[in-house]
Every structure is written in structure tokens, then in C-alpha cells.
Amino acid sequence: MWQAPPAPVSREWLPVLDMPAPGPQNRWTVLLRALLLIPQFVVVWVLSVVAFFVTVIGWFGALVLGRLPGFVADYLTAFLPYDTRVAAYLMLTVDRYPPFRFSAPEYPVQVGLRPGALNRLAVLFRIVLVIPASVVQGLVNAGWWTVSFISWLVVLVLGRMPQPLYEATTAILRYRMRYTAYLVMLSSAYPKRLFGEEPGSEPDSPVSATRPLVLSGAGRGLLVVFILLGLFSWVTSSITASVNSGDDNDDGTNPTQQVIAPLVPGFADRAPRSPAP
């Protein structure tokens, strides 16, 4: 019996991250990575402050218009790739220094964004809706930085990043980028696919080493380790904060802020904690 062909399935579009496969790295730039990035840290901090106020304006505009105002979308779609390029260089996935400009089509790290129509109700409750994703990205980032010194030593000795570590690191970078894109309303798609795509799930031919991002068993295992390390770091910091607050309750600090601080994204998760001796 003849059957009608299945209707095409509309797929949710997620912000994309294009990066090259891991290659040789200059050991001198790996050795001095944190020092080399000091000027970029200053620039990213300034741009982040501007992005915060622009996002607040964009939130009110999106509630009225159902989309980001043009100037807000323009700034944020320039800021997020800049921020991602700096993070990718800091996390040792590329060896080319990020340029001090918004437009960098020649740089090996590229971010694809499509700001468009937004659900006003989702915009209104965005700060609440994003909490689960904030927890996930906070845990994986904390876990990665917990062992970042070991990662730095491995890349320094080998002169390149091993494939499983590259897969796990780029997965964290991509999730972090998608989380930020959702938070600042550049995307209506909730951040997902931390563990990458399943082999054969993407019909199009590969565009880059991270599109589609297919993780090996070792890469997925490393991600699980990072999550567990992040959870351990969060529990440890919570206990420490509780003990400290119990010892000194009149110092004016907020124990709740101390507990959730590791889960809140921002400049702190870009600062070098142990990538250099």
C-alpha cells in the first residue's frame, strides 16, 4: 500500500562553534599562555561590563519587540565570538593568538549566531530558566580548571593537545558559548548537547572538527570526570564557606553568595587558575 512520505522534521537551530582539529603548538606560547593573555583579560573584562548593560537594555527591548533591538544584537553577536576566541586560546585548544578586534574571519575559531524572534514569556523568566544550564556549565568549567595544570603540562610536553582532551575541552567551550548565547537572548534554543552529537545523526557533511562534534569514548569519559571534579569542588567550597561563616558571622559576607559563586559564569571562569607555573 502506498504511503505518503514523512513530513520534514523542523530542527531547532543551535549556535555553532567551528574549530580546526588539534595541531602542533609552540611550547613557548604554551609556557607563557597566561601572561600573554593579560591584555586580552583586560579587554574582555571591559567588553563584559558593556555587554551586561547592553543585555539589560536588550531584555526590556525583547519584552516589547519580541526580539533584541538591532544595536543590542549587533554588539552581542560581536562580543560573544571575541570572548569565545580568548577562552579557546586560554584553554589551549588553539595556538594562534586572538586578534584585538570583533571581526576576525581568518581566525581558526568561529562562532555562528542567528538572533531572531524570541518568546516574550521565556525572556521574562530567562534568569530563572537558565539556572539548570548555569549549574551544568559551572560544574564542567570548575572540573576542567581543577586539573588545568595537568592539562597544561601535557600540552607543554607533547607540543599538542591529545585528541580526547581536545574533544572534552571543545565540548565545554561550545556549551559555554551556547549558554551565554541563551542567557543574553542571542538564541531561543536552550543550551544542550554537552556530550556532542551521535555519529551519523547529522545529515550534512562535516564542516569542521567541531561541527558535528562527535566525542570518542575517552572524550566522553573525560567530560564525566570534569563534572565529578566540579561537583567535588562545589561541595568542598560549600563546606568551607559554611565553616567560615560559622566562625565569623559579623564580617558582612553573604554565605549564600559564597556557595553559589563557583556556579556563576563570568570573568572568574576565564582567569588563569593554574595553566602556568
Side-chain angles (χ1 to χ4, degrees), residues 10-19 37-90 94 96-134 137-138 141 173-193 207-208 210-211 264-271:
S10 60
R11 301 181 60 196
E12 182 182 46
W13 192 88
L14 289 163
V16 297
L17 175 66
D18 286 318
M19 295 182 61
L37 275 174
I38 289 176
Q40 288 285 6
F41 292 147
V42 176
V43 172
V44 169
W45 181 80
V46 173
L47 296 177
S48 300
V49 172
V50 176
F52 170 79
F53 290 104
V54 170
T55 300
V56 172
I57 297 172
W59 183 80
F60 286 102
L63 284 177
V64 176
L65 303 174
R67 57 176 176 80
L68 287 176
F71 76 95
V72 174
D74 290 343
Y75 179 81
L76 294 177
T77 53
F79 162 74
L80 184 53
Y82 190 108
D83 175 78
T84 303
R85 291 193 294 267
V86 174
Y89 185 73
L90 173 63
V94 292
R96 185 172 174 180
Y97 195 83
F100 288 94
R101 61 180 185 275
F102 281 142
S103 178
E106 78 291 347
Y107 195 74
V109 178
Q110 296 292 320
V111 173
L113 299 165
R114 296 180 186 174
L118 297 167
N119 183 306
R120 291 180 175 86
L121 194 60
V123 170
L124 179 63
F125 295 102
R126 182 64 50 111
I127 197 66
V128 176
L129 294 173
V130 82
I131 289 176
S134 176
Q137 78 87 33
N141 270 283
L173 277 168
R174 190 178 72 163
Y175 191 88
R176 175 181 176 275
M177 179 270 295
R178 287 178 173 176
Y179 163 80
T180 306
Y182 182 78
L183 178 64
V184 302
M185 297 162 292
L186 284 175
S187 173
S188 59
Y190 202 80
K192 56 177 67 73
R193 297 180 189 170
V207 176
S208 67
T210 56
R211 184 158 48 127
V264 179
F267 185 73
D269 66 9
R270 289 187 291 269

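Model, not experiment: these values are computed from the prediction.
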Flag side-chain contact, heavy atom, 4.5 Å: [X] against [Y]:
X: P98; Y: V109; value: no
X: R174; Y: R211; value: no
X: Y82; Y: V43; value: yes
X: V184; Y: W59; value: no
X: P115; Y: T77; value: yes
X: Q137; Y: P191; value: no

Which heavy atom of [X] sits nearest to which heavy atom of [Y], and what is that distance?
X: V72; Y: I57; answer: CG2-CG2, 4.4 Å
X: G112; Y: W13; answer: O-CH2, 3.1 Å
X: Y97; Y: Y107; answer: O-CE1, 3.4 Å
X: Y75; Y: L47; answer: OH-O, 2.9 Å
X: Y182; Y: S188; answer: CE1-O, 3.8 Å
X: V94; Y: P108; answer: CG1-CG, 4.5 Å

Kindly compute the distance separating [atom1] ([X]) from [atom2] ([Y]), expressed to the nearest 0.5 Å.
X: L37; Y: L90; atom1: CG; atom2: CG; value: 5.5 Å
X: F60; Y: L63; atom1: CZ; atom2: CG; value: 7.5 Å
X: T84; Y: R178; atom1: OG1; atom2: CZ; value: 11.5 Å
X: T180; Y: F79; atom1: OG1; atom2: CZ; value: 7.5 Å
X: M185; Y: N119; atom1: CE; atom2: CG; value: 13.0 Å
X: R85; Y: L173; atom1: CZ; atom2: CG; value: 13.0 Å

Report, as yes or no, whether the 6.0 Å neighbourhood of atom [atom1] on [X] holds more than 12 heavy atoms from other residues, nucleotides or ligands.
X: F53; atom1: CZ; result: no
X: I127; atom1: CD1; result: no
X: F102; atom1: CZ; result: yes

For [X] and [Y], indicate whether the former's side chain and the latter's backbone hold a donor-acceptor pair under 3.5 Å.
X: Y190; Y: A133; result: yes
X: Q40; Y: D83; result: no
X: S187; Y: A181; result: no

